[in-house]
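Below: the structure, in C-alpha cells.
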Amino acid sequence: MKKIKVIGYCLIVLLLAALLFLSACNTTAPSGTSETSGSGTSKLSGPFTIKWSCPWPPASDGMVRREAFLKEFEERHGDKFKFELYGVGQLCESKENVEAVQTGVADIAHIISSYTPGLFPRTQLLESPVFTLYTDHPWNVSYKIMSELAPAIDQELERNGLVPSGLYWLGGVVHISSKEPLRTVEDFQGVKISCVSEVHSDALKRLGFSPSMIPGAETYLALEKGVVDAALQTHGGAKITKYEEVCNYVTLLGWPQLGFTYAFNPDFMNRLPDDYRQLLVDEFKVWHETVEIDGAKMEDNQSLQFMLDHGTEIIELPDTELQKIEQLLPSIDEWAAEQEKLGIDDAEELGQKLLELIKKYTGE
C-alpha cells in the first residue's frame, strides 16, 4: 500500500512538473506585446493592433486619405502595427471620441475640442473670429501657429487623461450656408443658424443671428424641417452633409473653423516600447505635414466647385459689410477677458502671441 501511495505522489509531482514546463514554453510574448532591450529597441512576437476613431463618415474624402495613409504605413511597418480605422458612428459618435480614447475603446482618436466644451479651451484659441486668418491656406498657417504653442496646449490633454500628439490645427474656414440670400449684416438679424462651437455661437449672436448648437451630422434634418434656416460650415462639411439639397446660398465669411488634434490612450502608449512609440508619433506628424494639410485644402476647393456645379450661389460680402462685422466682434482685450473666465489665466499674453504668429506666417 505504501508503495502505491509513493508511486501516486511521484505521478502527481511529474504531472505538475510537466504542466510547469509546458507553461514555461508558452510564455513568449503574445501578439501586440513586447519586451524592451537595454538599448530601448523592442523584441516583439507580433504587431500591435491599433483602433483609430475619426469624426467623419467612412466614405468621405478625409477618411479616404487616412485609408491610403494606413495602407502605406502597414506596407512599411506591418510587422509592428496593424490598424482598424473607424468613421463616425462605427466605434462611437464624434462627441464620444474623447471618452473613447480615455477609456481605451479607441487607441487613437481624432478630437474636435468644441465637441467637449470646457475641457480643452487652449486648443480652441484660433477658433475665434478675432484671429481670422486672412490667407488662402489656413490649414498650414494654423498648424504652424499651434505647433509653436503646443507645449502650453499639451497640458490640457494630459490633465484630461490623454497622451497628446503635439499636432494642433484648424479644420479650415467656415461660411454661412442658407436657404435665403444673406448679403448684409441687416439680413443676419434673427436668422436661426446652427453651429457646433460655443466660440462661434457667441460671435454669431454679436452679428444678430439666433444660433443653436447642433452637431454637423444632424444639421441637414434641422435645415430640412425649418428648425434652422442657415448653418455655419466649411465647404467640405457642406458637401458631406448634402447642404446643396436644402440651401441655395453660401455667404463667404472666412472664419476659422474648429480646433483639431490627435490624442492617444495612455495605457496603449505605455505598452509600446520606446522605438515603436516614437515611430508612431513621427509617422503621424510627417503624414499630416506632407499629405493631410494639402489634401484638406484640395478637398475644400473641390467641395466649393461641387456646390457651384449644383446651383449654389456664392455671395461675397462687400468691404463695408465686412467692416461692420469686424466692429461687432470683440476686441483683443474683450477676448482675453472672456478666455480668463474659461480658465486661461495667461489669455492676454497668448492673444498677443497669436497676433505675432499670424503676422509671421501670413505677412499681414
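In this structure, Gln102 contributes its side chain and Asn160 its backbone to a donor-acceptor pair below 3.5 Å. A donor-acceptor pair under 3.5 Å is absent between the side-chain atoms of Lys205 and the main chain of Pro211, judged by distance alone. Looking at Asn97, its side chain never comes within 3.5 Å of a backbone N or O of Ile111 through a donor-acceptor pair. One N or O on the side chain of Lys192 and one on the backbone of Gly226 form a donor-acceptor pair closer than 3.5 Å.
Annotation for Glu245: atom CD counts as buried by contact number, over 12 foreign heavy atoms lying within 6.0 Å. Summarising the local packing, CD of Glu99 is surrounded by 12 or fewer heavy atoms from other residues, nucleotides or ligands at distances under 6.0 Å. Around the CD atom of Glu348, the shell of radius 6.0 Å holds no more than 12 heavy atoms that belong to other residues, nucleotides or ligands. The neighbour count for Glu75 CD, taken as heavy atoms of other residues, nucleotides or ligands under 6.0 Å away, is above 12. Other residues, nucleotides and ligands contribute only 12 or fewer heavy atoms inside 6.0 Å of the CE atom of Met298.
Val88 places none of its side-chain heavy atoms less than 4.5 Å from the side chain of Trp56. Taking the side chain as every heavy atom from C-beta outward, Ser212 and Val227 never approach each other to under 4.5 Å. With contacts defined as side-chain heavy-atom distances shorter than 4.5 Å, the pair Leu357/Leu149 qualifies. Glu156 has its side chain within reach of Pro121: a pair of non-hydrogen atoms, C-beta onward, lies under 4.5 Å apart. A heavy-atom distance below 4.5 Å is not found between the side chains of Thr251 and Asp187. Between Val196 and Ile112 the shortest side-chain heavy-atom distance does not fall below 4.5 Å. Contact of the Glu180 side chain with the Asp229 side chain is not registered, since no non-hydrogen atoms from C-beta on lie closer than 4.5 Å. Between Arg122 and Leu350, some side-chain heavy-atom pair lies under the 4.5 Å cut-off.
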Next item on the list: Apply the test salt bridge (charged side-chain N to carboxylate O under 4.0 Å, His left out) to residues Lys341 and Glu338: give CA-CA distance (whole Å), side-chain angles for both, the deciding distance (0.1 Å), then the verdict.
Entry: CA-CA 5 Å; Lys341 292 177 183 178; Glu338 291 173 0; over 6 Å; no
Next item on the list: List the steps and the verdict of salt bridge (charged side-chain N to carboxylate O under 4.0 Å, His left out) for Glu292 and Arg66.
Entry: CA-CA 8 Å; Glu292 174 61 8; Arg66 280 153 180 78; 3.3 Å; yes
Next item on the list: Verify side chain to side chain contact (heavy atoms under 4.5 Å, CB included) between Cys54 and Leu85, making sure each step is shown before the conclusion.
Entry: CA-CA 8 Å; Cys54 300; Leu85 184 65; 3.8 Å; yes
Next item on the list: Could you please spell out the steps behind the side chain to side chain contact (heavy atoms under 4.5 Å, CB included) verdict for Val105 and Glu96?
Entry: CA-CA 10 Å; Val105 171; Glu96 298 169 345; over 6 Å; no
Next item on the list: Quick one: do Val98 and Phe120 satisfy side chain to side chain contact (heavy atoms under 4.5 Å, CB included)? Show the steps, please.
Entry: CA-CA 11 Å; Val98 171; Phe120 313 108; 3.8 Å; yes
Margin query: Let's go through Cys247 and Leu223 carefully: what are the C-alpha distance in whole Å and the side-chain angles of both, what is the deciding distance for side chain to side chain contact (heavy atoms under 4.5 Å, CB included) to 0.1 Å, and is it a yes or a no?
Written below: CA-CA 8 Å; Cys247 292; Leu223 287 163; 3.8 Å; yes
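One finds no salt bridge joining Glu349 and Lys353 here, because no Lys/Arg side-chain nitrogen approaches an Asp/Glu carboxylate oxygen to under 4.0 Å. At a threshold of 4.0 Å, the pair Lys359-Glu356 does not count as salt-bridged, since none of the basic side-chain nitrogens sits closer than that to a carboxylate oxygen. The existence of a salt bridge linking Lys242 and Glu224 is excluded, since no basic side-chain nitrogen approaches an acidic carboxylate oxygen closer than 4.0 Å. In summary, Arg277 and Asp274 engage in a salt bridge, as defined by a charged side-chain N under 4.0 Å from a carboxylate O. Ion pairing of Glu218 with Lys95 is absent here, as no side-chain N (NZ or NE/NH1/NH2) approaches a carboxylate O to less than 4.0 Å.
In this structure, Phe260 and His110 have perpendicular ring planes: the angle between them is above 60°, well past the 30° mark. Using cut-offs of 30° and 60° for the angle between ring planes, the Phe83 and Phe81 rings count as tilted.
Residues Cys92 and Ala100 approach most closely at SG-CB, 3.9 Å, considering heavy atoms. Taking each heavy atom of Ser178 and Ala230 in turn, the nearest pair found is CB-CB, 3.9 Å. When all heavy atoms are compared, the tightest approach of Glu67 to Pro58 is OE2-O, 3.9 Å. Nearest heavy-atom pair, Pro266 versus Val163, reported as atom, atom and distance to 0.1 Å: CA-CG2, 3.6 Å. Of all non-hydrogen atoms in Val246 and Lys179, the two that sit nearest each other are O-CG, 3.5 Å. Among all heavy-atom pairs drawn from His288 and Leu167, the shortest one is CB-CD1, 4.4 Å.
By the criterion of side-chain heavy atoms lying less than 4.5 angstrom apart, applied directly or through intervening Ile, Leu, Val, Met, Phe, Trp or Tyr residues, Tyr168 is grouped together with Ile344 in one hydrophobic cluster. There is a path of hydrophobic side-chain contacts, each under 4.5 Å, that joins Ile153 to Phe131. Under the 4.5 Å side-chain heavy-atom criterion for ILVMFWY residues, a single connected hydrophobic cluster contains both Tyr276 and Ile50. Under the 4.5 Å side-chain contact rule for hydrophobic residues, Tyr361 and Ile358 share a cluster. Under a hydrophobic clustering in which Ile, Leu, Val, Met, Phe, Trp and Tyr are joined whenever their side-chain heavy atoms come within less than 4.5 Å, directly or via other members, Ile332 and Leu342 fall into different clusters.
Annotation: the span from Asp79 atom CG to Phe48 atom CZ amounts to 11.5 Å, rounded to 0.5 Å. Note: Lys82 NZ to Phe73 CZ = 11.0 Å, rounded to the nearest 0.5 Å. Distance check: His200 NE2 to Ser128 OG gives 8.0 Å after rounding to the nearest 0.5 Å. Rounded to the nearest 0.5 Å, atoms OH (Tyr143) and CG (Leu170) are 13.5 Å apart. Here the OG-CD1 distance, from Ser142 to Ile293, works out to 7.5 Å after rounding to the nearest 0.5 Å. Rounding to the nearest 0.5 angstrom, the gap separating the CZ atom in Arg65 from the CH2 atom in Trp287 is 6.5 Å.
Between Ser114 and the choices Glu198, Glu127, Gln257, the side-chain hydrogen bond (donor to acceptor under 3.5 Å, both in side chains) rule is met once, by Glu127.
Leu253 belongs to a hydrophobic cluster whose other members, connected by ILVMFWY side-chain contacts under 4.5 Å either directly or through intermediates, are Val174, Ile176, Leu182, Val185, Phe188, Val191, Ile193, Leu204, Leu207, Phe209, Leu232, Trp255, Leu317, Leu322, Ile325, Leu328, Leu329.
Between Phe306 and His310, the distance separating the two ring centers is shorter than 6.0 angstrom. Taking the centre of each ring, Phe264 and Trp52 stay at or above the 6.0 Å mark.
Gln305 and Asp309 share a side-chain donor-acceptor pair at under 3.5 Å. Looking only at atom types and distance, the side chain of Ser177 has no donor-acceptor partner in the side chain of Gln233 under 3.5 Å away.
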